[in-house]
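Single-structure report; data block below.
Quick note: numbers below take in every heavy atom, side chains included, and nothing from hydrogens, waters or symmetry partners. When a ligand or atom number is given, it counts from 1 through the structure's own listing order.
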Amino acid sequence: MVSLEEELELSMTYENFEDVPARKAASRRSVEDFNVPAAAPGMKMYRLVVVSFGLLCILQAALNISLRLTLFSQPNSLTEERDEMKRIYLDLEAGCNNLTEERDDLKRTLENYVSQQNSLTEERDEMKRINLDLEAGRNLLTEENHGLKRTLEEYAHYLQQGWVYFSGSFYRISSTMKPWQDSRRDCQQRGADLMIINSQEEQDFSRQYKNIIWIGLMDRDTEGEWTWVDGTQLTTSFWHSGEPNNYDKRNEDCVNINHHDHTNSWNDAPCENEYFWICEKKM
Ligand code: 2F8
Ligand code: CA
């Protein structure tokens, strides 16, 4: 800042370098124009100094005010701004923390949902497997049920036709007499065949019928090779004593139950002879 003394000195110096005659003439013109009596040169200088000094004071004051406003008001504003920024920052930080907690809660909730969904998926798959097993079991039971129904209907049919059930087979004694081959044909027409005896129990069962009856055993194909009607070879036999004998050199190729009072009741006889016969239907 330029001080008053320096200003005066500058003015004086300026005065020294100015075109003094021209200024003087101008001064004279000014005074003459306004019709003001010309002042003494010392007085002019004094006025100039006073005016300059006043202007400088005003300038100084304005400058001081500006500086004060600038220097002292700005820090307050900055502090307020800083405080405001701090508050905003704290609010944002608190908001961020809340959002983080909410995010973590949502993560946990999502994980729970995923875990529950996995459990439910496993349960559903297990239920599907159980359902398939149950369905397969139901199908088996349905098939079994149908089979049993058919069997029951068959049993009812044979019982109504006068057949007797024993140990897994139905048996029927004829009411007429025929040769062995015709007897067999009759059984086959009834869905059965001549009786095959495989056990002592079946042998005992066969002896309850007191007539001579054909059974399904013969050696027509090869003499001495006794074969059942189902093609199996004879293993367990119940020949009566002395049988088989092709009695009196006859061709006795078919077998009947003749000696009912004996455990061993079988006899070989000519196939063309007519006897009663017994059919067997294996169930
Ligand atoms: O004595 C056994 C003998 O008895 C009868 O003949 C007399 C039998 N014949 C018929 O049944 C046709 C034989 O087969 C039997 O061996
Ligand atoms: Ca015989």
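- In this model, a donor atom of one side chain and an acceptor atom of the other lie less than 3.5 Å apart for Asp204 and Gln200.
- Looking at Phe170, Tyr155, Tyr158 one by one, the single match for ring-ring contact (aromatic ring centres under 6.0 Å, His included) with Trp163 turns out to be Tyr158.
- Asn273 is listed as a side-chain neighbour of Tyr275, based on a closest heavy-atom distance under 4.5 Å.
- The angle subtended at the Ca ion (ligand 2) by OE1 of Glu252 and OD1 of Asp268 is 90°, given to the nearest 10°.
- Using modelled atom types, one finds no donor on one side chain facing an acceptor on the other under 3.5 Å when comparing Asn267 with Glu252.
- Counting backbone and side-chain atoms alike, Asn267 contributes an N/O/S atom closer than 3.0 Å to the Ca ion (ligand 2).
- Checked by atom type, the side-chain pair Trp266/Gln203 shows a donor-acceptor distance below 3.5 Å.
- Of all heavy-atom pairs between Asn198 and Glu202, the closest is N-OE1, 3.0 Å.
- In terms of heavy atoms, Asn246 sits closest to Arg250 at CB-O, 3.1 Å.
- Within 4.0 Å of ligand 1, protein heavy atoms come from Glu243, Asn245, Tyr247, Glu252, Asn267, Asp268, Asn273, Tyr275.
- Our summary of the site lists the angle at the Ca ion (ligand 2) between OE1 of Glu243 and OD1 of Asn245 as 70°, to the nearest 10 degrees.
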